[in-house]
Amino acid sequence: MDDQNKNLLLATGLSFAVMLAWFAIAPPQTARAPAEEATAAAPVAAALGTTDVNTNMGSGNAQAVTDAGRITIDTPRLEGSLSLLGGRIDDLRLKDYTETIEDGSPIVTLLSPEGSDHAYYGINGWAAASGVNPTDVPGPTTLWSSRSTTLTPSSPVTLTWDNGKGLSFRRVISIDENFMFNIEQSVSNASSTPVALAPYGQIARHGEPPNLKGFFILHEGMVSMSDGELNEIKYGKMPEFDINPKERAPAEVAQVLEGGWVGFTDHYWMTTMVPQGAFKSVAKYDINNDVYLTEAVQPTQTIAPGATASVTSQFFAGAKEWEVIRNYQNDDDVDRFVDIIDWGWFYFLTKPIFWLLHTLNGFIGNMGWSIICLTLIIKALLLPLAYKSYVSMARMKELQPEMEKLKERAGDDKQQMQKGMMELYKKNKVNPAAGCLPILPQIPIFFSLYKVIFVTLELRHATWFGPFNDLSAPDPTSIMNLFGLLPWGTPDAGSIFALVLIGILPLLLGISMWMQQKLNPAPTDATQAMIFAWMPWVFMFMLGGFASGLVVYWIANNTITFIQQYSIMRSQGVKPDVFGNITSTFKKFKKGS
C-alpha cells in the first residue's frame, strides 16, 4: 500500500475516532467547589457551621403530608399546591409543557409530595444553634397555620407557627409570573433569653428520577454555583461521598462567601435554592431512605429578647428556559444562572450558537428553517477558509497530469517521489494541506450544535413541517412505510429496526454527501475508491438516530458546500463533470455485478 493510501486510511480512521470519542467521553463543564476559607471566611464559616439541619425525610411523614391542609398554587405557568406540613412546595405542574407531542398528553409534573412515586419537593425551616431545642423550631414536620387559600403572583400567602415557648415564626411565600418563589422567613423572640437560629432551604428527591436519560452528553443531578465556581455531580456519584460527621451522611459541603445557588437539574427542568448572600452549600445522600438532598444554610441569626429577625431566599422550580433564566441572572443578580444549562466543554461555541439560533427563531418562528439559516451564516463565516481550500483543490487537479508523470519517473523510489511532489507544490504555490482547512472548524461546530439541539429546552418538541414535529428527536419517518405513504407504522425508536430502516432525513444526508463526492472523479486507486464509495452510507446510518434538527443542519451544510465548491472550481477554470462522474459510478457498479 503506498503512502497516499496510508494517509487516506489514517485520515478516515481519525475522522471516525473523533466521532466515536465524542460518544465515549462525557464533556462536563465543571469545577469543584472551592475549599473552605480559613482566614477571611472564618466568621462566616463559624456561623454556618454551628447548626445541623433536620433531615428527617422519607421516614413516616407520608400520611402526615396527606392529612395536612393545602394551599392552591395557580399562576399563568404553574399549577399545584403547597402543604401546611413543613410549608412544603411539593405539588407542581408546568402548564406550558406536555409529556409527549401526542394529543391529550398530560402536562409535565415537576414536584410531587412524600408518599407518591418519586417524591420531590422544596422545604424551608430554621435550624437550632443555641438557646433553643431542635424540636422547638419549625422543620419538615411542623404543621403551619394560614388564612390564605391560593398562592398567585398577585396574592402571596402567609404561614405562622408558635412554639409555645416565646418564639413565633412567620413565613411569607410569593411567586412571580414564571417559576421563582420568594420566601421571607422571620422569627420574633418574646422569651427572656436570646436564641440563635440558622434559616435554611432544602430540596429533597426520593430516589433517582424515573425518566433519567443517563446519557454522557447531558448532566443530570446536583448542580451548584459557589462564588463563581460551577460544581456538577451526577445522582449516581452522590452516595459515594465521604461520610461527613457534622452532616451524619455522605456529603459534600462548601462555604459560599458572596453568593450562589444549589439544587438539582434534569434534562429540561430544575429546582434551585437561591439564598441571599453567604451560605453553606450542602449536597448529601440519605442512605437509610434513599433521598438525595441539597441544602442552602444561611448564617446563624441571634435574636435578642423582644427582637425580630428576617431573612429572604428564593426557590426556582420550573423549566430551563434560557431567556427566563437569563433575566433572573441579569435583573435579579442570580450569579451565572444560565450556566445551569449544560453547555459542555465547547461552551465558548455552544453559547453563541444557541444565542444565534434562538434569535433567528425569534424572527422566523420556525426552528427547522432557523437551523438552515444558522447553517448559511456559519458557512458564510467559513467561506474564506473554504475558498482557499477549493482553490487549492482546483490547482491540485490541474497538477494531476504532472504528478502522474512524476510517479512514472520515480517508480518505486518513494523518497524521490516525495521530493518531486514537494518541488512541484512549491513551484506552483500549492498547499496540499489547505484542503483540510474547512474540515477542522466543522468538527467542534458539529459537536456544539449537537449539544445545543440535545440539551436546550427550546428544541424540545420544536416543529418544522409535516411529520417533523420534534427536532430534538430522531427522524419519525421510515423506509418501512415509504416515509408515511403506506398505512402501517414505523419501528420503535431506539430499536435495531429503526436504525436500519432509516427515515427520509438520514437518506437525504447520505445522498448529499454522495453528491458532494461527485464533484471529482472517483480515485483510480481501488482502496481509495472503496473508502470514498462507502463513506456517505456509513455516515447515513451513523447519524440516522441523531436528533432530526442536527441531520437537517448536516444536509444543509452538505448542500451549501456542494454549491460553494462547484462555483469556486468553475471560477478557477475547472469544470466539474458531476453528471459524468455519477454515470461512471453506475457503469462501474453494473460492470462489477
Side-chain angles (χ1 to χ4, degrees), residues 65-99 105-114 116 119-125 138 140 142-161 168-186 199 201-204 261 263-264 268-276 296 310-334 337 340 457:
V65 172
T66 301
D67 296 340
R70 287 194 165 271
I71 295 175
T72 300
I73 299 172
D74 187 14
T75 80
R77 310 199 65 188
L78 297 172
E79 69 174 34
S81 62
L82 64 87
S83 173
L84 291 179
L85 188 77
R88 305 167 183 228
I89 302 173
D90 63 354
D91 172 32
L92 208 59
R93 291 170 296 282
L94 310 181
K95 291 181 177 181
D96 297 332
Y97 298 96
T98 56
E99 294 286 353
S105 173
I107 60 176
V108 170
T109 296
L110 179 62
L111 302 181
S112 53
E114 188 173 348
S116 61
Y120 184 21
Y121 47 90
I123 193 167
N124 291 81
T142 300
L143 188 61
W144 294 76
S145 299
S146 179
R147 296 180 179 178
S148 305
T149 58
T150 306
L151 172 61
T152 71
S154 59
S155 58
V157 301
T158 301
L159 310 181
T160 59
W161 183 72
S168 57
F169 297 85
R170 187 170 181 266
R171 183 181 302 167
V172 179
I173 303 175
S174 57
I175 190 171
D176 64 12
E177 297 286 337
N178 290 303
F179 308 116
M180 189 72 84
F181 294 82
N182 191 79
I183 300 166
E184 181 184 352
Q185 298 192 92
S186 61
Q202 187 179 72
I203 301 171
W261 37 265
F264 292 111
Y268 297 119
W269 331 114
M270 69 178 186
T271 55
T272 314
M273 289 291 177
V274 188
Q276 289 188 351
S310 298
V311 294
T312 300
S313 63
Q314 293 174 300
F315 174 53
F316 181 101
K320 294 197 290 188
E321 296 175 3
W322 174 80
E323 198 163 330
V324 169
I325 296 171
R326 186 192 58 170
N327 288 339
Y328 287 129
Q329 175 177 295
N330 296 340
D331 300 339
D332 297 344
D333 297 324
V334 182
F337 209 28
I340 205 165
L457 173 64

K.L.:
Pick out which of Asp91, Asp90, Thr149 makes a side chain to side chain donor-acceptor pair (under 3.5 Å) with Arg70.
P.N.:
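The residue from Asp91, Asp90, Thr149 that satisfies side chain to side chain donor-acceptor pair (under 3.5 Å) with Arg70 turns out to be Asp90.
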K.L.:
Any side-chain donor-acceptor pair under 3.5 Å between Thr152 and Ser154?
P.N.:
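Checked: Thr152/Ser154 side chains pair up, N/O donor to acceptor below 3.5 Å.
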K.L.:
Regarding Glu79 and Lys95, does a basic nitrogen lie under 4.0 Å from an acidic carboxylate oxygen?
P.N.:
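Judged by the 4.0 Å cut-off on N to carboxylate O distance, Glu79 and Lys95 do not form a salt bridge.
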K.L.:
Go through the side-chain N and O atoms of Thr271 and Tyr120 and say whether any donor and acceptor fall under 3.5 Å apart.
P.N.:
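Present: a donor and an acceptor within the cut-off.
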K.L.:
Would you call Glu114 and Arg88 a salt bridge, using N to O less than 4.0 angstrom?
P.N.:
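Result for this pair is yes, salt bridge flagged.
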K.L.:
Quick one: pull up CD1 in Ile89 and CD1 in Ile123 and give me the separation to the nearest 0.5 Å.
P.N.:
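So the CD1 of Ile89 and the CD1 of Ile123 are separated by 10.0 Å.
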K.L.:
What is the distance from atom CD1 of Ile173 to atom CD1 of Ile183, rounded to the nearest 0.5 Å?
P.N.:
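One finds 5.5 Å between CD1 of Ile173 and CD1 of Ile183.
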K.L.:
Are the side chains of Tyr328 and Asn178 in contact, using a 4.5 Å heavy-atom criterion?
P.N.:
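Yes. Closest side-chain heavy atoms under 4.5 Å.
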K.L.:
Within a strict 4.5 Å, meaning less than it, do heavy atoms of the Met180 and Asn327 side chains meet?
P.N.:
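When only atoms from C-beta onward are counted, Asn327 and Met180 do not touch, as no gap falls below 4.5 Å.
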K.L.:
Tell me, do Trp144 and Arg171 make a side-chain contact under 4.5 Å, heavy atoms counted?
P.N.:
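A side-chain contact under 4.5 Å exists here.
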K.L.:
Any side-chain heavy atom of Asn182 sitting closer than 4.5 Å to one from Asp176?
P.N.:
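Counting from C-beta outward, Asn182 and Asp176 never come under 4.5 Å.
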K.L.:
Under a 4.5 Å cut-off applied to non-hydrogen side-chain atoms, are Leu92 and Ile73 in contact?
P.N.:
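The answer is yes; the side chains approach within 4.5 Å.
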